[in-house]
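Single-structure report; data block below.
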Amino acid sequence: MKIVSWNVNSLNARLPFVLDWVAKHEPDVLCLQETKLKDDDFPYQAFKDIGYNSVHFGQGRWNGVAIVSKAKGEDVVCGGVAEYFEGQLEARHLAATVEGIRVHSVYVPNGRSLEDAHFDYKLRWLGDLRSLLEKECKLFDQILVAGDFNIAPDDQDVWDPAAYVGCTHVSDDERSALKSIEDLGFVDVARHLNPNDVQFSWWDYRGGAFHKGEGLRIDLALVSNSLISRVVSARIDRDARKVSKAGKPSDHAPLELCLR
DNA sequence: ATGGTAGGTGCCCTA
């Protein structure tokens, strides 16, 4: 079984690219972030045509999360996490049960800067995610939380830690909030399976960052302790960050998990 | 040399 998480940075702009990738890699489950679509605009039929069911939670313009899967997603829950910033809806969380696995697709707020109100929102959002997962742990055994966390868990997940001093994505507060979620009984599976690897998942579009290796590992898959024994591999598909004949890439690459 | 790119929406915002 293959489960993938991918921030596509607009599914509208990326659809041919994503469909091409899905046809080649045939994931069983695909968690998407930053679809930037309203629910009515989600390309349900395009995925149906290649054998996939979709559930989506979006508002249009920004954010938007989906779970696309060969088997139908059930017990769908949208939100359940702090979904409002100053009264404005932000669609950043969606859960569904697929083949007995409770799957959460998450798009954690960026935070902008440590002084910005969006940074407080980011921490509040992570606290609410923790509360939600604490409840989910009582209801489900095999849980996967995959998405763009906008947090580099450790300095080895940053191309140049010195360049990020005082920045979001690496602060103690964010890393502690992530650790607090892991303490519920979750494992950062890519780091767990590849303890010494440097596998970034995001590179800024600007300044040729991808080609210079200037990336971060901020796309994560957390799995519950009962699911970790099923995961045999975790890798980032760097090739999907390159321009291809299917089109231009997202600034994030997909994280691929293989389960037995 | 203190920049740049990409994608939304609509002549700026977000990442």
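To find a chain, count down the sequence lines: A is the first, B the second, and so on, and within it residues start at 1.
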(request) Using the C1' atom as the reference point in each nucleotide, state the distance between dT14(B) and dG4(B) in Å, no decimals. (result) 16 Å

(message) I want to confirm an ordering. Mapping K38(A) and N150(A) to their closest nucleotides on DNA chain B, which one lands closer to the 5' end?
(response) K38(A)

(message) In this structure, is the centre-to-centre distance between the rings of F57(A) and H93(A) below 6.0 Å?
(response) no

(message) Quick check for you: name the first and last nucleotides of DNA chain B, 5' to 3', having an atom under 4.0 Å from a heavy atom of chain A.
(response) dG4(B) to dA15(B)

(request) For the pair D183(A) and K179(A), find out whether any cationic side-chain nitrogen is under 4.0 Å from an anionic carboxylate oxygen. (result) yes

(request) Please state the P separation for the pair dA1(B) and dC11(B) - nearest whole angstrom. (result) 34 Å

(request) Identify, between G207(A) and P109(A), the residue whose nearest nucleotide on DNA chain B lies closer to the 5' end. (result) G207(A)

(message) Any carboxylate oxygen within less than 4.0 angstrom of a Lys/Arg side-chain nitrogen, looking at D20(A) and K24(A)?
(response) yes

(message) Does this structure show an ion pair linking D172(A) with R175(A), if we count only N-O contacts that are shorter than 4.0 Å?
(response) no

(message) By the 4.0 Å heavy-atom rule, please label F210(A) as base, sugar-phosphate, or nothing.
(response) nothing

(request) Indicate, with a heavy-atom threshold strictly under 4.0 Å, whether N12(A) touches base, sugar-phosphate, or nothing. (result) sugar-phosphate

(request) Would you kindly check if the NZ (Lys) or CZ (Arg) of R217(A) is within the cone defined by 45 degrees around the ring axis of F200(A) and under 6.0 Å from the six-membered ring centre? (result) no

(request) Quote, to the nearest angstrom, the C1' distance that separates dA15(B) from dT9(B). (result) 15 Å

(request) Verify whether the ring centers belonging to W21(A) and W6(A) lie closer than 6.0 Å. (result) yes

